[in-house]
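All heavy atoms count here, side chains included; hydrogens, waters and symmetry mates do not. Below, read A as the first sequence line, B as the second, and so on, with proteins coming before strands; counting in each chain starts at 1.
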Protein chains: 2
Amino acid sequence: MNYHQKFDAYRNLVEEWLKERITVPELPEKTLFEAMRYSLTAGGKRLRPVLSLAVCDMLGGDREAVMPFACAVELIHTYSLIHDDLPCMDNDDYRRGKPTNHKVFGEAMALLAGDALLNTACEIMLEAVLADEKDALRKAAAARLIMEAAGASGMIAGQVIDMESEQTAVSYDQLCRMHSLKTGALIRASILSAALICGADERTTQALERYGKLIGLAFQIKDDLLDVEGDAAVLGKSTGSDVRNHKSTFVTLLGTDKAKELLKSTVEEAVKALEGLQNTDFLIHTAAYIAERKK
Amino acid sequence: MNYHQKFDAYRNLVEEWLKERITVPELPEKTLFEAMRYSLTAGGKRLRPVLSLAVCDMLGGDREAVMPFACAVELIHTYSLIHDDLPCMDNDDYRRGKPTNHKVFGEAMALLAGDALLNTACEIMLEAVLADEKDALRKAAAARLIMEAAGASGMIAGQVIDMESEQTAVSYDQLCRMHSLKTGALIRASILSAALICGADERTTQALERYGKLIGLAFQIKDDLLDVEGDAAVLGKSTGSDVRNHKSTFVTLLGTDKAKELLKSTVEEAVKALEGLQNTDFLIHTAAYIAERKK
């Protein structure tokens with residue numbers, strides 16, 4: 001299997017698990033579950049859970065043990081997109097080429113579907129904690145790591161900074177901190193929670209932490225470049241929104257050429273962070289994929 | 001100490017714990033924490049965490065072990081109120097006599113503060129799970145019980161049913177199911193999570209479950225009566241909104257007199273559910289308090 005086949009194989013495992021876990025019961029409140037499922041199956045890349053599974057394989061860990069946490073991160077990511085798209089936030093009508101959740105189900109249902117996805121992520125992780133006494137503490141620590149990354153000291157803090165920095169000049173350091181929280185925290189958590197569950201040693205954990213930090217940064221630089229140079233049809237959303245909204249990005253701050261240089265060196269550093277570890281092929285390719293992706 | 005002094009003593013313990021735990025750090029995103037704190041300290045009754053502590057004392061349990069879970073339920077309750085008040089939901093300007101969260105901080109911040117409170121509730125519980133290896137599994141089970149009560153099979157399902165049943169005729173059974181999910185689930189969870197952590201036996205747990213179910217119902221009947229007969233100044237919000245919004249309530253379905261009878265018999269049944277248990281004074285008084293409260 002080449003890299004893309006392997007990525008798709010991981011992705012399929014994730015899709016299957018999510019499809020089995022997030023069902024639509026025949027209850028008066030079934031629309032809630034339809035709304036949750038709509039966004040959860042709206043064609044996400046599944047980068048975060050794929051990273052979790054890849055780290056698990058790299059460390060020779062138990063995929064079944066890691067899977068609930070990998071998918072919990074994807075649920076959290078999905079809830080954050082639904083809430084982000086709401087009229088009171090970014091007011092986006094399209095996401096991944098499809099109408100956003102509130103465009104289909106209305107604002108109130110979208111709000112509640114987001115809440116329910118975050119809540120379900122916790123339920124899934126707690127179930128996993130309780131499933132096997134032996135691994136309970138390790139898994140509880142992984143759940144805590146993920147929830148910290150998602151919360152007021154992580155992703156949500158990043159969203160607040162992003163929101164409050166609109167229309168104002170932002171320094172390079174501020175931009176890095178914002179993205180490290182808003183996008184980076186959950187990417188790092190998907191890697192480190194898997195490492196924790198698989199019992200990675202201190203040195204491996206540190207290397208993976210550095211790798212996660214760097215691919216998180218690379219991911220964001222690429223996002224900013226795609227908003228300028230990307231193909232709206234492939235992206236499934238309109239481009240140029242950063243400029244229209246006067247948002248500070250790596251491109252507006254550095255210019256396109258410098259941003260591309262930074263992307264290249266960041267990916268190189270991410271690969272370097274893995275030096276000395278075994279079975280790093282997939283993670284190395286993922287760093288490159290992040291920089292080359294078209295969407 | 002009489003009942004009200006004891007209630008206030010529990011309440012003060014909760015206030016102190018929350019004040020120490022939910023602080024406002026000097027960070028660019030400090031407004032998020034201010035928004036979280038604003039609603040968390042806006043004068044709630046603290047009924048749910050008080051119930052947790054009372055059950056803990058009744059069972060001779062460890063208050064420190066129960067406290068994080070008691071307060072997590074209060075955080076979840078608070079987030080649900082913030083989201084409920086948003087323009088896309090009930091669009092309320094006042095709550096407990098103060099402007100609602102989005103009136104003070106704007107819709108986007110209120111949305112994120114709600115998200116962050118739910119997230120923080122999980123973080124607090126997971127910290128408690130990891131704090132003491134001996135009790136970890138019991139606490140993880142309590143956390144799962146609380147999150148299930150809060151989620152798509154509990155409180156959020158109730159909100160969806162409530163939302164979708166506006167402007168339509170609702171049967172008595174549908175009304176009971178809706179409230180059992182929307183308000184009841186979290187009240188039951190505050191009681192049962194404490195019982196679980198304190199190692200209550202099967203018989204005690206069943207009695208408490210029945211008690212919790214009944215006071216949850218009583219709480220809602222009283223809420224509906226207060227909307228008709230309550231004092232807006234004492235309640236801190238306008239009355240008559242159920243009639244204005246054509247909402248089915250116990251009062252619109254049964255009439256005031258029958259609703260009062262049902263409230264009385266429900267409280268009596270709740271008290272009866274505790275027969276045979278020890279140290280039930282506080283819980284008996286609480287059932288009466290729920291029926292007599294002015295707000």
Side-chain angles (χ1 to χ4, degrees), chain A residues 25 27-33 36 76 79-80 83 86-89 102 106-123 125-127 129-130 133 136-137 139-141 143-144 147-148 150-161 163-165 174 177-178 181, chain B residues 25 27-33 36 76 79-80 83 86-89 102 106-123 125-127 129-130 133 136-137 139-141 143-144 147-148 150-161 163-165 174 177-178 181:
Chain A
L27 288 169
E29 62 272 24
K30 71 180 285 188
T31 319
L32 171 68
F33 296 87
M36 292 165 72
I76 293 169
Y79 115 78
S80 78
H83 281 189
L86 283 171
C88 70
M89 299 281 291
H102 64 273
E107 278 183 58
M109 192 62 81
L111 172 69
L112 292 174
D115 292 346
L117 283 166
L118 172 57
N119 200 100
T120 305
C122 296
E123 290 176 70
M125 290 191 285
L126 286 164
E127 251 170 57
V129 168
L130 288 160
E133 202 163 323
L137 283 178
K139 287 181 179 171
R144 180 172 62 170
M147 292 311 293
E148 280 178 1
S153 314
M155 184 180 71
I156 299 178
Q159 284 173 305
V160 170
I161 300 169
M163 204 167 80
E164 296 197 323
S165 64
Q174 287 171 321
R177 178 168 183 267
M178 190 260 280
L181 292 166
Chain B
L27 289 169
E29 62 272 24
K30 71 180 284 187
T31 318
L32 171 68
F33 295 88
M36 292 165 72
I76 293 169
Y79 115 77
S80 77
H83 282 188
L86 283 171
C88 70
M89 299 282 290
H102 64 273
E107 278 182 57
M109 191 63 80
L111 172 69
L112 293 174
D115 293 346
L117 282 167
L118 172 58
N119 200 99
T120 304
C122 297
E123 290 176 70
M125 291 191 285
L126 286 163
E127 251 170 57
V129 168
L130 290 160
E133 202 163 323
L137 282 178
K139 288 182 178 171
R144 179 172 61 169
M147 292 311 293
E148 279 178 2
S153 313
M155 185 179 71
I156 298 178
Q159 284 173 305
V160 170
I161 299 170
M163 205 167 78
E164 296 197 324
S165 64
Q174 287 171 323
R177 179 168 185 266
M178 189 259 279
L181 292 166

If every non-hydrogen atom of [X] is compared with every non-hydrogen atom of [Y], which pair is closest and at what distance?
{"X": "A:Glu133", "Y": "B:Leu137", "value": "CG-CD1, 3.1 Å"}
{"X": "A:Met109", "Y": "B:Val160", "value": "CE-CG1, 3.8 Å"}
{"X": "B:Cys88", "Y": "A:Ala108", "value": "O-CB, 3.4 Å"}
{"X": "B:Asn119", "Y": "A:Met147", "value": "ND2-O, 2.7 Å"}

Go through the atoms of [X] and report whether side chain, backbone, both or neither lie under 4.5 Å from a heavy atom of chain B.
{"X": "A:Leu86", "answer": "side chain"}
{"X": "A:Leu27", "answer": "side chain"}
{"X": "A:Leu111", "answer": "side chain"}
{"X": "A:Ala136", "answer": "side chain"}
{"X": "A:Met36", "answer": "side chain"}

Original post:
Between B:Leu112 and A:Met89, is any pair of side-chain heavy atoms under 4.5 Å apart?
Top reply: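 The answer is yes; the side chains approach within 4.5 Å.
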
Subject >> Any side-chain heavy-atom pair of A:Pro28 and B:Arg177 under 4.5 Å >> reply: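 The answer is yes, as the side chains (C-beta and beyond) meet within the 4.5 Å cut-off.
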
**OP:** Return the set of residues passing side chain to side chain donor-acceptor pair (under 3.5 Å) with A:Thr31 (not counting sequence neighbours), or none when no residue passes.
**Re:**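 B:Glu164.
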
**OP:** Apply the test side-chain contact (heavy atoms from CB on, under 4.5 Å) to residues A:Glu123 and B:Glu148: give CA-CA distance (whole Å), side-chain angles for both, the deciding distance (0.1 Å), then the verdict.
**Re:** CA-CA 7 Å; A:Glu123 290 176 70; B:Glu148 279 178 2; 3.3 Å; yes

Subject >> Choice from A:Val129, A:Leu130, A:Ile161 maximising heavy atom contacts with chain B below 4.5 Å >> reply: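 Maximum pair count with chain B is reached by A:Leu130.
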
Subject >> Contact winner vs chain B - A:Gln174, A:Met125, A:Glu107, A:Met178, heavy-atom pairs under 4.5 Å >> reply: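 Maximum pair count with chain B is reached by A:Glu107.
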
Original post:
Could you give the distance from OG (A:Ser80) to CG (B:Asp115), rounded to the nearest 0.5 Å?
Top reply: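 Rounded to the nearest 0.5 Å, the OG-CG separation comes out at 9.0 Å.
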
Review item, side-chain donor-acceptor pairs of residues 151-158 of chain A, under 3.5 Å, at least two apart:
none

Original post:
Which one of B:Leu32, B:Ile76, B:Leu117 has the most heavy-atom pairs closer than 4.5 Å to chain A?
Top reply: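 The residue among B:Leu32, B:Ile76, B:Leu117 with the greatest pair count is B:Leu32.
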
